[in-house]
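For reference, the structure is listed below as structure tokens.
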Amino acid sequence: MGGKMFRNILVPTDGSALSRRAVRHAVQLAKEQKARVTGLWVGPAWEPNLYAYGDSVPPGFVSKKQHAARVRRAGARVLRTVKAAAAAARVPCECICVEGAFPYIEIVKAARRKRCDLIVMASHSRRGISRLLLGSQASKVLALATVPVLVCR
Amino acid sequence: MFKRILVPTDGSAPSRRAIRRAVQFAREQKARVIGFYVGPPWQLPIYSEYVPPELLSPKEHNAAVKKTAARYLGAVKKAARAAGVPCSVRYVLGAHPFDEIVKEARRRGCDLIAIASHGRRGISRLLLGSETSKVLSHSGIPVLVCR
């Protein structure tokens with residue numbers, strides 16, 4: 001069946017168990033719809049150390065460059081699972097790793113930039129405290145996204 | 001991946017758009033569509049000493065809901081027939097649509113709920129409809145939220 005409806009499925013992940021399930025859902029769906037998968041990981045933004053002024057550089061200070069390298073490394077580790085799942089299902093896959101203080105904004109932006117027509121995400125992952133609450137990022141993505149969102153439980 | 005898709009509708013424009021998407025998705029997934037409408041239950045008037053002339057008896061109320069349901073669910077049936085998707089429809093009376101939706105999905109063994117981001121009462125693009133957000137938090141199966 002020609003996948004006309006969804007061609008590019010965005011799957012944001014934070015590496016948690018629930019979000020890994022969302023990745024499996026997304027890849028399975030992409031396979032059936034002959035769509036491609038875009039994996040996304042949003043790392044924390046670099047925050048300039050407010051106390052690092054003058055000559056005193058506190059121990060443990062991380063420069064912007066070092067931070068970017070760490071984010072890339074952490075992202076690659078998480079996104080490896082997306083790539084592996086897509087490769088196993090023979091689904092074309094692209095993974096992006098960005099920095100941002102507000103993951104939902106990066107998710108919506110990435111959906112627009114990569115022209116994704118569906119976002120598949122877990123209802124909650126790291127910060128969702130209970131089944132009865134929708135995760136903070138999921139509910140914000142739902143409010144801001146212009147494309148359909150498949151919320152996996 | 002999805003075999004039975006529950007499509008709740010309240011007849012509003014966003015919900016009609018969600019129906020179109022759900023039916024198209026069902027065709028691609030070779031799934032069947034279950035249209036669902038939750039009507040308001042009959043209620044006793046609050047001012048019991050004064051009976052407004054337009055007050056409907058429970059019977060009349062049920063008949064009115066049945067008619068509304070037929071109209072709203074007719075849209076689902078029509079879309080499904082046009083796309084060649086197997087379809088059944090059902091309506092119930094209930095004060096809490098989200099509860100009925102989640103229960104119906106469980107009862108009918110649905111594996112996906114396709115719902116609009118807001119229906120009649122979602123005032124803006126930026127808000128998720130009240131019933132939709134409650135369905136999202138109570139559903140045990142994936143939910144496709146259509147814009």
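All chains are named by letter (A, B, ...) in the order of the sequence lines, taking the proteins before the strands, and each is independently numbered beginning at 1.
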Hey, is CZ on B:R90 packed in by over 12 heavy atoms from elsewhere, all under 6.0 Å? yes
When the 4.5 angstrom heavy-atom criterion is applied to A:L118 and chain B, the contacting part is side chain
Heavy-atom closest pair, residues B:Q29 and A:L29: NE2-CD1, 3.3 Å
Just wondering, more than 12 heavy atoms not from B:R108 lying within 6.0 Å of its CZ? yes
Cluster check A:V37, A:V78: I/L/V/M/F/W/Y, side chain < 4.5 angstrom: yes
Are A:L144 and A:I107 co-members of a hydrophobic cluster defined by side-chain heavy atoms under 4.5 Å apart? yes
At a heavy-atom separation under 4.5 Å, does B:L112 approach chain A through its side chain, its backbone, both, or neither? side chain
Please state whether the side chain, the backbone, both or neither of A:V120 comes within less than 4.5 Å of a heavy atom of chain B. neither
Do A:L10 and A:M121 sit in one hydrophobic cluster, given that two such residues count as connected whenever their side-chain heavy atoms are within less than 4.5 Å of each other, even indirectly? yes
Counting heavy atoms not belonging to B:R107, are there more than 12 under 6.0 Å from its CZ? yes
At what distance, to the nearest 0.5 angstrom, does CG of A:L150 lie from CD1 of B:I113? 11.0 Å
Under a single-linkage definition using a 4.5 Å side-chain heavy-atom cutoff for Ile, Leu, Val, Met, Phe, Trp and Tyr, are B:L93 and B:V89 assigned to the same hydrophobic cluster? yes
I'd like to know if A:V151 and B:I115 are part of one continuous hydrophobic network [Ile/Leu/Val/Met/Phe/Trp/Tyr, side-chain heavy atoms within less than 4.5 Å]. yes
For A:M5, is there any backbone N or O sitting under 3.5 Å from a side-chain donor or acceptor partner on B:E28? yes
Output, in order, the C-alpha distance, side-chain angles, deciding distance and verdict of side-chain contact (heavy atoms from CB on, under 4.5 Å) for A:L142 and B:L136. CA-CA 11 Å; A:L142 276 166; B:L136 274 167; 3.3 Å; yes
Residue-level interface, residues 18-26 of chain B with chain A, non-hydrogen cut-off under 4.5 Å: B:R21, B:Q24, B:F25
Transitive ILVMFWY cluster of B:V102, excluding itself - 4.5 Å side-chain cut-off: none
Contact check, side chains of A:H25 and B:M1, non-hydrogen atoms, under 4.5 Å: yes
When you look at NZ of B:K3, are more than 12 heavy atoms from neighbouring residues, nucleotides or ligands closer to it than 6.0 Å? yes
